Amino acid sequence: MMFETERLIAREMTVADLPALRETLQDREAMYAYAHAFSDEEVAAWLANNLRRYREDGFGLWAVIRRSDGQLIGQCGLTKQVFRDRPVVEIGYLLARRFWHHGYAIESAQGAKRYAFDQLQVPEVWSIIRDTNFASMNVAIRNGMLVRGRMVKHYYGIEMPHYGFSVRQES
């Protein structure tokens, strides 16, 4: 277990989580910020990349499990990213659509922030969010983050403006 909150537990993903990952990553609406739903091969690569992150970075996106029934509802965690040529630690979150609007995104994002600050002693965490993803922007703001800048990412030949939100650890 990486962290826990009142309703959620975050743990490393495993190959057994592939069906639950497919539910989210192959859902076109859930993946609108990525401009496409993933193929089976892309889902497997996503999982493999997170398993690599655990080994190399000591963290990654984790499976988010609902305490009440053990249901994997999505993923949330920390990844190394680059924002405007600067390496940053990002809090990312992606939930299956049927679990939206229950407060799970902010609850898991707050847990990831506490883990970054308390366990990893990271001085600042970021969330890099597509400019059309208002729900994720609201989660970042509720997580104490402020907009620190803007950049454009390129996915599949599409220019996608993103905002960088961050919060610094209080001394």
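Model, not experiment: these values are computed from the prediction.
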Item checked: Point-to-point distance, once rounded to the nearest 0.5 Å, from OH of Tyr163 to CH2 of Trp126 -> 14.0 Å
Checklist line | Non-hydrogen atoms of Val64 and Ser108 that approach each other most closely | finding: CG2-CB, 4.3 Å
Note to self: Using every non-hydrogen atom in the two residues, find where Glu90 and Ile128 come nearest and quote the distance to one decimal.
What the structure shows: OE2-N, 2.7 Å
Note to self: Treating Asp57 as the side-chain partner and Phe59 as the backbone partner, does any N or O pair qualify as donor plus acceptor under 3.5 Å?
What the structure shows: no
Check: Checking Tyr54 side chain against Leu61 main chain: does a donor-acceptor pair fall under 3.5 Å?
Finding: yes
Next item on the list: Could you tell me the separation between the CZ atom of Arg148 and the CZ atom of Arg84, rounded to the nearest 0.5 Å?
Entry: 12.0 Å
Check: Glu29 and Arg97: side-chain contact (heavy atoms from CB on, under 4.5 Å), yes or no, with the steps?
Finding: CA-CA 8 Å; Glu29 189 174 339; Arg97 210 165 12 116; 3.0 Å; yes
Check: Is a side-chain N or O of His162 found less than 3.5 angstrom from the main chain of Met160, in a donor-acceptor match?
Finding: yes
Item checked: Residues, nucleotides or ligands: over 12 heavy atoms within 6.0 Å of Glu56 CD -> yes
Next item on the list: Run the numbers on Ile73 and Ile65 for side-chain contact (heavy atoms from CB on, under 4.5 Å), then give the verdict.
Entry: CA-CA 6 Å; Ile73 65 168; Ile65 311 299; over 6 Å; no
Next item on the list: Would you give the length of the straight line joining atom CZ of Arg130 to atom CE of Met137, rounded to the nearest 0.5 angstrom?
Entry: 10.0 Å
Next item on the list: Let me see the working for Asp40 and Gln26 under side-chain hydrogen bond (donor to acceptor under 3.5 Å, both in side chains), right down to the final yes or no.
Entry: CA-CA 8 Å; Asp40 284 342; Gln26 293 183 331; 2.7 Å; yes
Check: Are Arg98 and Glu23 within salt-bridge range, i.e. N to O under 4.0 Å?
Finding: yes
Notebook entry, point to check: To the nearest 0.5 Å, how far apart are CG in Leu72 and CZ in Phe99?
Noted result: 8.5 Å
Note to self: Using 30° and 60° as the class boundaries, would you call the ring planes of Tyr115 and Phe3 parallel, tilted or perpendicular?
What the structure shows: tilted
Check: Do Trp46 and Phe38 have ring centres separated by under 6.0 Å?
Finding: yes
Next item on the list: Examine Met2 and Leu120 and state if one hydrophobic cluster contains both, with Ile, Leu, Val, Met, Phe, Trp and Tyr joined whenever side-chain heavy atoms are less than 4.5 Å apart.
Entry: yes
Next item on the list: Please answer whether the main-chain N or O of Thr5 pairs with a side-chain N or O of Arg67 as donor and acceptor at a distance below 3.5 Å.
Entry: yes
Notebook entry, point to check: Side-chain contact, heavy-atom cut-off 4.5 Å: Val82 with Val88?
Noted result: no
Notebook entry, point to check: Side chain of Glu4, backbone of Met1: donor and acceptor closer than 3.5 Å?
Noted result: no
Check: Between atom CG of Leu51 and atom CD of Glu12, what is the distance when rounded to the nearest 0.5 Å?
Finding: 8.0 Å
Notebook entry, point to check: Does Tyr93 use its side chain to pair, donor to acceptor, with the backbone of Ser136 at less than 3.5 Å?
Noted result: yes
Next item on the list: Without swapping roles, check the side chain of Asn143 against the backbone of Met145 for a donor-acceptor pair under 3.5 Å.
Entry: no
Margin query: So that I can tick it off, tell me whether Asp17 and Arg11 are bridged by a salt bridge, with the cut-off set at under 4.0 angstrom between side-chain N and carboxylate O.
Written below: yes
Next item on the list: Would you name the heavy atoms of Ser166 and Glu124 that are closest together and state the gap between them?
Entry: OG-OE2, 2.6 Å
Checklist line | Heavy atoms of other groups near Arg28 CZ, more than 12 under 6.0 Å | finding: no
Checklist line | Gln75 side chain to Asn50 side chain, donor-acceptor N/O pair below 3.5 angstrom | finding: no
Margin query: How long is the straight-line distance from SG of Cys76 back to CD of Gln110, given to the nearest 0.5 Å?
Written below: 10.0 Å
Item checked: Polar contact flag, side-chain donor to acceptor under 3.5 angstrom, Glu107-His102 -> no
Next item on the list: Give a yes or no on whether Phe117 and Ile106 share a hydrophobic cluster (residues Ile, Leu, Val, Met, Phe, Trp, Tyr; joining criterion: side-chain heavy atoms under 4.5 Å apart).
Entry: yes
Next item on the list: Work out which heavy atom in Ala112 is nearest to a heavy atom in Ile91; give both atom names and the distance.
Entry: CB-CG2, 4.1 Å
Check: Does the Glu42 side chain pair with the main chain of Ser39, one donor and one acceptor, at a distance under 3.5 Å?
Finding: yes
Check: In the single-linkage hydrophobic clustering (I, L, V, M, F, W, Y; side-chain heavy atoms under 4.5 Å), do Leu8 and Leu95 co-cluster?
Finding: yes
Item checked: Closest approach of Arg22 to Val43 (non-hydrogen atoms, all atoms of both residues) -> CG-CG1, 3.9 Å
Next item on the list: Indicate if Leu94 and Trp100 have the same hydrophobic cluster label, given that clusters are the connected sets of ILVMFWY residues with side-chain heavy-atom separations under 4.5 angstrom.
Entry: no
Note to self: Quick check on the hydrophobic clustering: are Val122 and Val167 connected, directly or via other members, by side-chain heavy-atom contacts under 4.5 Å?
What the structure shows: yes
Check: How far apart are the closest heavy atoms of Met31 and His36, and which atoms are they?
Finding: CB-O, 3.3 Å
